[in-house]
Amino acid sequence: MTVRTRFAPSPTGYMHIGGMRTALFNWLFARHNGGKFILRIDDTDQQRNLDAALGPILDAFRWLGLDWDEGPEVGGDHGPYFQSQRGEFYKRAVTQLLESGAAYQDFETPDEIKVQREAAQAEKRTYLSSRVSLQLSPAERANKAAAGDAHVIRLLVDRQRKVSVEDHVRGHVEWDCGLMADPVICRSDGSPLYNFATVVDDIALQISHVIRAEEHLTNTAVQLLIYDALGAKTPEFAHIPFVAAPGTTKKLSKREIGKYRNNPQFKKLFDIADQILPAIGQSVSDAMNPVMVSFYEEVGFLPEAVLNALSRLGWSYDDKTENMPLDFVVQNFSLERVVKGPAGLDCDKLLAYQEHWMGQLPLEQKVEQCLPYLVKAKRISEPVDAAARAFVARLVTALGERLKLFGDIVQYSEYFVADDILEYDEKAFDKRLTQDPAACGLLRGFRDRLAGAEPFDAATLESLLNAYVTERGVGLGAVIHALRVAVTGKAAGPGMFDCLALVGRERCVSRIDRALQRVN
RNA sequence: GGCCCCAUCGUCUAGCCCGGUCCAGGACAUUGGAUUUUCAGUCCAAGAACAGGGGUUCAAAUCCCCUUGGGGUCACCA
């Protein structure tokens, strides 16, 4: 049997990180088994602007490198891949169900149903469909329908039976149909409901394994009944746990984004974004936040890191392997090793994966991916010339492991701005310069040596400063902090001599002068 | 409320199906120490969990039952 899995997003204008994990597991399962991964767009309600709503979703797949064998843009033998274009399939299926007696026209009004539901609730009794429309004779039904009486189509549930599924992660799950209301499969306007359309499509697309989030587990009962009524073979099911908000067991939701800011485990991600996004003309908002996949791309995560984190959310290879490239996960993925409990998005772990994969990346690629950030932050101008690129390469090298996200590069403005607008960390300036006259004196003396340093590289500068402090009978610590604050404005950063070499002779001297003047 | 699902360190998880090798392993995070001109890193170390209660058994994180807690779902949404 050919494995065929699918992911069926509705075009919402963004890709949810939890949905991405579900998509990833579908993709992994298909690839592991040499099967097909299909993208189907559940746009049942007429979408106003489909392209705008679908674009970000496809972009997320492309960014992570998850390809689809059938679906939008690539087509396939089982199309169309948009539910809005599959009306004929649903119509045909409804007719079949009506003719076989597996479904019926229900002329009761929504209000009548509501009253019945409330009555059942008040009596603490399970609500069941009244099925009064079933009392009508075929002729009466036809007349009513012909007269235009509004009606929905309901599946006629066999109350004597039970339905069950052997779920690949939950095991045996069973429901008593005697407790089930007859589900509506078509609205009064004739359009199909989700549970029905999904089954019709999954049959037509020959989906072999339905891998979806746990929230759909309850839907499975109804869907199983529909497969049966349609005379179709049921696919295999796997209900994976949903991705929860960090540190919770509640489903991660875009609606709660305001609350997440106060979530201690989510905080790191928000803080990172606050430091990076404003510099490139963005900010954390309803349109750009950690619930969305594009957020991670925007602040400069590596696809490898996000993929690694998502893979490990609810799945593990063994008791110690953490860093895994995608092809390794493909080779070893199995539904049997998916956990049952909901998994909170682990921000710290995500950052740790990012550090790992960033560490694997060659310098050239780091530079390549940092450049767009510097351009957007107006630190360098476009087109980027060879000199700028070479300078950024030196900076990235000096930064080393301090550069965790590509977006981090925008925080090192001191290597790009003019000397007279260099900003100081005031606390550091006060402590290292204003409150330390001795350091200022040493700095003044070293300034002249710097002016004559040749060549102006890290090694030369290091021996120069060492010779200077030895001469003065002090330790490095007596002047180096003041030097750093004067030249970079900051209390911390890459190695002191790398900083000096990066800033260059002219600017170093000019900045020291400015700082010394500022003290007085 | 009905139905369904879930429950191991702060977090992600291993172990559970096939009881003993688990006074529960790893990673991340945290704390302490070492290294370094700062920060980051690196190295070393430490603390940190089987939700509770009953069984079954020579033996239970592992099997059974109950309780508690958490979550999902109950639409002419997807």
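Below, chains carry the letters A, B, ... as their sequence lines are ordered, and counting in each starts from 1.
For B:rA45, the paired nucleotide is B:rU31, the pair qualifying as Watson-Crick or G-U wobble because both relevant distances are below 3.5 Å. Partner assigned to B:rC39 is none, using Watson-Crick or G-U wobble distances below 3.5 angstrom. Under the Watson-Crick or G-U wobble criterion, with both distances below 3.5 Å, B:rG19 has no partner in any strand shown. Pair check for B:rU68 finds B:rA7; Watson-Crick or G-U wobble, both atom distances under 3.5 Å. Pairing for B:rG1 is with B:rC74, a Watson-Crick or G-U wobble pair whose two hydrogen-bonding atom distances lie under 3.5 Å.
Nucleotides B:rC64 and B:rG20 are separated by 15 Å at their P atoms, to the nearest Å. Separation of the C1' atoms belonging to B:rC4 and B:rU30 is 38 Å when rounded to the nearest angstrom. The separation of B:rC28 from B:rC16, taken at their C1' atoms, amounts to 24 Å, rounded to a whole angstrom. Annotation: B:rG53 and B:rU62 have their P atoms spaced 12 Å apart (nearest Å). Look at the P atom in both B:rG41 and B:rG47: the space between them is 23 Å, to the nearest Å. Using atom P as the reference point in both B:rC3 and B:rC66, the two lie 13 Å apart (nearest Å). As rounded to the nearest Å, B:rG10 and B:rU31 have P atoms that lie 16 Å from one another. B:rA46 and B:rC39 have their C1' atoms separated by 25 Å, with the value rounded to a whole Å.
Close to B:rC3, at under 4.0 Å from its OP1 or OP2, lies no side-chain N or O of A:Arg125. Of the side-chain N and O atoms in A:Lys162, none sit less than 4.0 angstrom from OP1 or OP2 of B:rC3.
The CE atom of A:Met324 sits 17 Å away from the P atom of B:rG26 (whole-angstrom rounding). For the pair A:Asp43 CG and B:rC77 C1', the computed distance is 14 Å after rounding to whole Å. Straight-line distance from the NZ atom of A:Lys254 to the C1' atom of B:rA78: 15 Å, rounded to whole Å. At whole-Å resolution of the value, CZ in A:Phe242 and C1' in B:rA78 are 17 Å apart. Across the protein-nucleic acid pair, A:Leu464 atom CG and B:rU37 atom C1' stand 16 Å apart, rounded to whole Å. One can place CZ of A:Arg402 at 11 Å from C1' of B:rU36, the figure rounded to the nearest angstrom. In this entry the distance linking NZ of A:Lys320 with P of B:rG25 reads 11 Å, nearest Å. For the pair A:Lys404 NZ and B:rC28 P, the interatomic distance rounds to 13 Å; values are reported in whole Å.
Ranked by how close their nearest RNA chain B nucleotide is to the 5' end, A:Leu403 and A:Asn219 are led by A:Leu403. Both A:Leu179 and A:Arg432 sit near RNA chain B, but only A:Leu179 has its closest nucleotide nearer the 5' end.
Among the heavy atoms of the strands, none lies under 4.0 Å from A:Pro246. Among the protein residues, A:Lys251 comes within range of the sugar-phosphate backbone only, with heavy atoms under 4.0 Å from sugar or phosphate atoms but none that close to a base.
If you check B:rU37, B:rC5, B:rC77 against the side chain of A:Val173, the one that comes closest is B:rC5. The side chain of A:Lys250 has B:rG71 as its nearest neighbour among B:rG41, B:rC4, B:rG71. Here the nucleotide nearest the side chain of A:Leu217, chosen from B:rU73, B:rC5, B:rC39, is B:rC5. Here the nucleotide nearest the side chain of A:Thr126, chosen from B:rG71, B:rA78, B:rG2, is B:rG2. Among B:rU37, B:rC77, B:rC28, the nucleotide with an atom closest to any side-chain atom of A:Phe497 is B:rU37. Of the candidates B:rC28, B:rA75, B:rU37, the closest approach to any side-chain atom of A:Leu476 belongs to B:rU37.
Relative to the six-membered ring of A:Phe25, A:Arg21 meets both conditions, a distance below 6.0 Å and an angle of at most 45° to the axis.
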Contacts table for residues 190-199 of chain A: side-chain donor-acceptor under 3.5 angstrom, sequence neighbours left out:
{"unit_1": "A:Ser191", "atom_1": "OG", "unit_2": "A:Arg187", "atom_2": "NH1", "d": "2.8"}
{"unit_1": "A:Ser191", "atom_1": "OG", "unit_2": "A:Asp189", "atom_2": "OD1", "d": "2.7"}
{"unit_1": "A:Thr198", "atom_1": "OG1", "unit_2": "A:Tyr194", "atom_2": "O", "d": "2.9"}

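A:Tyr353 and A:Glu304 share no side-chain donor-acceptor pair at under 3.5 Å. With 3.5 Å as the limit, one finds no donor-acceptor pair spanning the side chains of A:Ser133 and A:His151. Side-chain atoms of A:Ser129 and A:Arg159 include no donor-acceptor pair closer than 3.5 Å.
When each of A:Arg154, A:Arg141, A:Lys144, A:Arg131 is tested with A:Asp106 by the rule salt bridge (Lys or Arg N to Asp or Glu O under 4.0 Å), just one qualifies, namely A:Arg154. Of the candidates A:Asp202, A:Asp201, A:Thr5, A:Ile207 forms a side chain to side chain contact (heavy atoms under 4.5 Å, CB included) with just one, namely A:Asp202.
When atom types are taken as modelled, the side chain of A:Asp43 and the backbone of A:Gln83 share a donor-acceptor pair closer than 3.5 angstrom.
Proximity of residues 115-124 of chain A to RNA chain B (heavy atom under 4.0 angstrom from any strand atom) is restricted to A:Arg117.
Between the base of B:rC76 and the side chain of A:Ser188 there is a donor-acceptor pair shorter than 3.5 Å.
Around atom CD of A:Glu423, no more than 12 heavy atoms belonging to other residues, nucleotides or ligands sit under 6.0 Å away. Heavy atoms from other residues, nucleotides or ligands lying under 6.0 Å from CD of A:Glu336 number more than 12. In the displayed structure, A:Arg125 atom CZ is contacted under 6.0 Å by more than 12 heavy atoms of other residues, nucleotides or ligands.
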(Q) For nucleotides 6-17 of chain B, give me one character per nucleotide, 5' to 3': B if any protein heavy atom sits under 4.0 Å from the base, S if the only such contacts are to the sugar-phosphate, - if neither. (A) S----BBSSS--
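Taking the charged nitrogens against the carboxylate oxygens, A:Lys320 and A:Asp318 have no contact shorter than 4.0 Å, which rules out a salt bridge. Looking at A:Asp425 and A:Arg432, no side-chain N of the basic residue comes within less than 4.0 Å of a carboxylate O on the acidic one, giving no salt bridge.
Judged by ring centres under 5.5 Å apart and planes tilted less than 30 degrees, A:His216 stacks against the six-membered base ring of B:rA78.
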